[in-house]
Amino acid sequence: MSRIRFRRHLRRAGLVGVLVATASTFWLLFNAQDRGLTGTVIQAVSAVLVPAVGVGAWLWRRRSNAQSPDLDSAADKVAAATRQRLERSAAKRRLLHPTRIPVRWTWSEKCVSGPRVDALVSSTSGSAAIPGLPPVGPWQLEDGDLSDLPGVFGGLGSGRLVLLGAAGAGKSSAAVVLALAVLAHRSNIAEPAERQRVPVPVLLTLAGWDPSRQQLSAWAASRMELEYPFLLAAEYGRGTARDLVGAGRIALLLDGLDDLPEQLRPVALRALDEQSGTRLVLLSRCRELVDAVEVGGHLAGAATLELRPVTPCQAATYLERCRVDPPPPGWQRLLDHLRGQSGDSLTQALDNPLMLSLVRDTFPPGDDVSSLFPDDGFTSREAVEDLLLQRILTAAYTPRPGQAAPPYTAAQAHRWLGHVAYRMNEWHTRDLAWWLVRCWQPVWVRVVSTAVVVFLTLGVGLSFLVAGSLNARVLGYATVAAILLGFTYGPGKGLPRHWVKLRLPEIFARDTLRRTSLFFVVAGGVFGAMLSIVFGIAYGAIAGLLSGLAAGMVSWVFYSVARPSVDLCSPLPPRACWQRERRYRIAFGLALGFAFGMAIGLTSILVPDQPGTPAELIIGAMQGTIPYGLTFGLVSSKTWAAGLSLCQLRCTGSGPLRLIRFLDDACDRDVLRMAGPSYQFKHARLQDRLAADWATRGEARPG
């Protein structure tokens, strides 16, 4: 920390020195007898000092970044942040209180793993039992409950664990309980050196990882930098997340192998087998893992444990402990029914933590559970599950004591999510991408709206700003720009983009060169034609050529350092994808406006017979840089078309105006989940149920 404080004080001293030098320069310039000579001396000194200071700052930054980060401090901070996050999740899901759902596991008999001895002592990852936990024996892998998982995880010689289970079996909840137990064990070790040997469990979802294009360590590091942005602070510097993963300081708990595309699951298994050098827990559904193993091979040295269904007696005991003693008559009827082990649809449906938690959270504490006992009974297990899934939104959007009221009512959530689910089913997808919301509404509304906004901003607004009244020339330029931008960017086609590091192949990529040529031809042709009408062919030809070159160069630079946000090598959460797309487009627009202004100013110098001095024309051109550039940046962003579509949805009552905020809130309430830049319903059956409700109410309208 002393080194960090030293660098901080040195920066402050440098800033004070720059301010003193600047003030002294101005004092010397205004008090000198020969200001011309003094100015020449100052320019000569500045010509030497400015590059020297820049080079020195660059070298200092490289030296500072080259210093090895404090991995111990970084690991402790990640552990504290993870524990705080998981404790909130456990409290919200009620995983620990009033009691834990009695989930048990057994060694899986499915063909997905090797012999047990490989899990006990394996050289695949070179792991050993973590400090404070004894090595496990073969008998400890036979069966157990969730309280036994930390000992199995920490005592495996291979360091690899696979948790299997059906949908709703409690895999994610088991991972949360496991991670909290490991973090508690880590914090109880007093010796710092021993504590650092306990890896910090980090729970990540595999959705968005393309194992055929990105190494596991690089992907995990990029995800950690998104989940824990403090790792990018000056205290640690870039590369800290990668160093933590590479040094084995992080234990990866990877959820959602079944969420990957089917063709990528075998590739992901091979990548995990070959590239994992740290302790690893993989969560997956049974059928998907079996299919992936048949194609890509198994995860060598992994202990494969399968979560078992909850027995009717265990379910009755759990629900009994969640209610007053003695239970009300209605609840007592439910408990007696479960203990009777009748094997009917209701008993079969309540054999997993998801359905038990829905019964616990969505039915009132009193006596009203009559909907679980309809007069004609349930025809199937699926009918019971549909009834309970319908109650998810009621439970999620019910105000809780000591917490802020939900920003949306259950009725609003049911209506808006129903429309979202209906549109997703229309497209036969489980992924909701915010930039595709535009496909739900007529395109002509966005085209006309974009054209009107551009005309009012650049025509009327800029006329009064520059000329003080409506100017025919400015209105003409604005009309052409409004028509072009309206038809080009009103539909909102394409993918959102964000900044990335410059890579040489991207500079000469076919897509980059195609966009560069398009900007050169369109910008040069349109500007040349307009200016030829006003100032003559010579002026218009030169202005068109320079404007086209400026537009081509700017687009070439910006498309070389940008990548679609849906690129699996750089997955972004939806909100970050929205924000980075908007920032990228605004910067693009401002750079384009500045380049156009310089092109027009240079044209004025090359064609001196036009009215006005070159300086005046340059100033006039630069006055339009921010209005034109900012307007272009805003309307060319995919967030513009998406925002107009959301306005259309809000006018029809089919969706909220701030969709990202609404969907993020649904994720916080465990209704949705994030999969890279897209959203998914946490339960596919819930999506189908909400879509059917929307269609049944007669609210489905053609998009």
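- Here the shortest heavy-atom pairing between D210 and S212 reads OD1-OG, 2.5 Å.
- Counting non-hydrogen atoms of other residues, nucleotides and ligands closer than 6.0 Å to CD of E262 gives a total of 12 or fewer.
- S113 and A302 get closest at one heavy-atom pair: CB-O, 4.0 Å.
- R438 has its side chain out of reach of P491: every pair of non-hydrogen atoms, C-beta onward, lies at least 4.5 Å apart.
- Of the inter-residue distances, the one linking Q687 atom CD with N425 atom CG reads 4.5 Å to the nearest 0.5 angstrom.
- Without hydrogens or angle criteria, K171 side chain to A166 main chain gives a donor-acceptor distance under 3.5 Å.
- Classified by interplanar angle (parallel below 30°, tilted 30° to 60°, perpendicular above 60°), the ring pair Y559/F588 is perpendicular.
- Using cut-offs of 30° and 60° for the angle between ring planes, the Y228 and F230 rings count as perpendicular.
- Partners of A268 by side chain to side chain contact (heavy atoms under 4.5 Å, CB included), not counting sequence neighbours, listed by chain and number: W209, P211, L257, L260.
- Taking the side chain to side chain donor-acceptor pair (under 3.5 Å) definition, one finds that R94 meets it with D361, sequence neighbours left out.
- Residues P496 and W434 have side chains in contact (heavy-atom distance under 4.5 Å, counting atoms from C-beta outward).
- Inter-residue side-chain proximity for L178 and P201 is flagged as unmet; no heavy-atom pair is nearer than 4.5 Å.
- At least one side-chain heavy atom of L149 sits less than 4.5 Å from a side-chain heavy atom of L305.
- Closest non-hydrogen pair, G168 versus P353, comes out as O-CD, 3.2 Å.
- Side-chain atoms of R160 and L282, non-hydrogen and from C-beta on, never get closer than 4.5 Å to each other.
- Remark: R85 engages E227 in a side chain to side chain donor-acceptor pair (under 3.5 Å) (not counting sequence neighbours).
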Item checked: Worked verdict on L269 versus R265 for side chain to side chain contact (heavy atoms under 4.5 Å, CB included) -> CA-CA 6 Å; L269 278 181; R265 294 170 195 161; over 6 Å; no

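- With sequence neighbours left out, the side chain to side chain donor-acceptor pair (under 3.5 Å) criterion links S73 to Y236.
- Residues that satisfy the side chain to side chain contact (heavy atoms under 4.5 Å, CB included) test with A75, not counting sequence neighbours, are R186, Q196, V200, L244, R249.
- No side-chain heavy atom of W416 sits less than 4.5 Å from a side-chain heavy atom of L690.
- The six-membered or imidazole ring of W640 lies away from that of Y489, with a centre-to-centre distance of 6.0 Å or more.
- No hydrogens or angles considered: nothing links the side chains of Q680 and R430 as a donor-acceptor pair under 3.5 Å.
- Applying the salt bridge (Lys or Arg N to Asp or Glu O under 4.0 Å) criterion to R83, with sequence neighbours excluded, gives E87.
- Between K682 and D670 a salt bridge is recorded (basic side-chain N to carboxylate O distance below 4.0 Å).
- Judged by distance alone, with hydrogens and angles left aside, the side-chain atoms of S222 form a donor-acceptor pair with the main-chain N or O of W219 at under 3.5 Å.
- Of all heavy-atom pairs spanning R685 and L389, the tightest one is CB-CD1, 3.4 Å.
- A salt bridge links D665 to R669: one of the charged nitrogens lies within less than 4.0 Å of a carboxylate oxygen.
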